[in-house]
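Computed from a prediction, not measured in an experiment: that's the story for all the values here. Keep in mind that the numbers below use all heavy atoms, side chains included, and drop hydrogens, waters and symmetry copies.
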Amino acid sequence: GIRDYKVTGVQTCALPIYIASKVTLDATGNGASITFKSLASNFSSLEAIADDGITVQSDLNTTVGDLKLEADADNTSDGFDQILVENGASILSANDLILDATSGGMSATDTLVMEANENVIINDPLSLFANTTLYADKDDDGSGSLVTSGDVTGDGQDLTIYGSDINLSNSIDLGTGTLSLFATNSHNISIGTSTTNTYQLSNDELALLDAGDLFIGSADSGDRKSTR
């Protein structure tokens with residue numbers, strides 16, 4: 001059977017490939033991996049499951065449903081086990097974007113943009129090696145949050161986060177980098193103990209943030225700056 005998947009967005013006339021229905025790529029054999037390479041790939045909905053890592057070398061999009069990447073299906077170390085994004089590729093979901101890589105975590109070698117019309121869900125550590133944008137609620141309908149269950153770390157890189165809300169379970173530590181938090185759909189932001197607004201940044205979540213500069217504001221109005 002197939003051990004590894006290598007998905008190349010190519011068809012006649014060198015146009016990107018468009019897949020009309022939901023696709024599941026199952027590379028769960030021992031040591032199996034998935035690579036998205038060359039031109040952009042566009043799926044209606046996508047679930048890619050690998051035993052030993054997923055590499056994204058070209059833009060990866062869904063047009064209707066979720067985009068889920070699971071890079072460590074057995075949750076056991078096989079040597080790689082990570083989601084690695086290269087070549088400045090972007091990952092865009094028409095619904096939820098769900099990223100899971102228990103043993104290897106996630107990293108990007110170049111500027112990274114990940115967007116979803118609904119939630120951006122990061123279940124494991126994300127290491128930043130270039131400036132990064134995480135954009136939940138991309139369609140600005142007021143439904144879509146950033147949800148983290150793993151540490152996000154950088155060393156001077158900037159991170160910009162958009163969403164109708166934010167739900168942090170682990171730290172964001174950028175060193176001297178700038179962290180910008182922007183509310184979508186013209187939402188106001190409640191900070192600390194206030195729960196007045198849809199976008200709530202609690203005291204516990206504030207304690208998880210460490211950056212050279214912290215900007216908090218609306219995506220379509222002025223920013224409020226706090227220097228830490």
Heavy-atom distance under 4.5 Å between the side chains of [X] and [Y], does that happen here?
{"X": "Met114", "Y": "Thr133", "value": "no"}
{"X": "Asn117", "Y": "Asn95", "value": "no"}
{"X": "Asp72", "Y": "Asp78", "value": "yes"}
{"X": "Leu159", "Y": "Leu134", "value": "yes"}
{"X": "Leu168", "Y": "Leu209", "value": "yes"}
{"X": "Tyr199", "Y": "Ser164", "value": "no"}
{"X": "Leu99", "Y": "Ile121", "value": "no"}
{"X": "Ser127", "Y": "Met106", "value": "no"}

Donor-acceptor check, side chain of [X] to backbone of [Y], threshold 3.5 angstrom: yes or no?
{"X": "Asp141", "Y": "Ser143", "answer": "yes"}
{"X": "Asp110", "Y": "Glu86", "answer": "no"}
{"X": "Asp59", "Y": "Ser90", "answer": "yes"}
{"X": "Glu205", "Y": "Asn203", "answer": "no"}
{"X": "Asp51", "Y": "Gly31", "answer": "yes"}
{"X": "Thr102", "Y": "Asn75", "answer": "no"}
{"X": "Ser93", "Y": "Ile91", "answer": "no"}
{"X": "Asp26", "Y": "Thr28", "answer": "yes"}
{"X": "Asn185", "Y": "His187", "answer": "no"}
{"X": "Ser33", "Y": "Gly53", "answer": "no"}

Using side-chain contact (heavy atoms from CB on, under 4.5 Å) as the criterion, list what pairs up with Ser190, not counting sequence neighbours. Ser194, Thr196, Asn197, Gln200
side-chain contact (heavy atoms from CB on, under 4.5 Å) partners of Thr178, counting only residues at least two apart: Asp158, Ser180, Asp213, Phe215
Rounded to the nearest 0.5 Å, what's the gap from [atom1] on [X] to [atom2] on [Y]? Could you check?
{"X": "Thr184", "Y": "Lys138", "atom1": "OG1", "atom2": "NZ", "answer": "10.5 Å"}
{"X": "Thr63", "Y": "Asn42", "atom1": "OG1", "atom2": "CG", "answer": "7.0 Å"}
{"X": "Leu97", "Y": "Asn119", "atom1": "CG", "atom2": "CG", "answer": "10.0 Å"}

For Phe43 and Phe36, take the angle between the two ring planes, folded into 0 to 90°, and tell me which bin it lands in: parallel under 30, tilted 30 to 60, perpendicular over 60. perpendicular
Assess the side chains of Ser107 and Gln82: does a donor N or O sit below 3.5 Å from an acceptor N or O? yes
Applied to residues 166-175, the side chain to side chain donor-acceptor pair (under 3.5 Å) test, sequence neighbours excluded, yields Asp151-Asn170, Asp151-Ser171
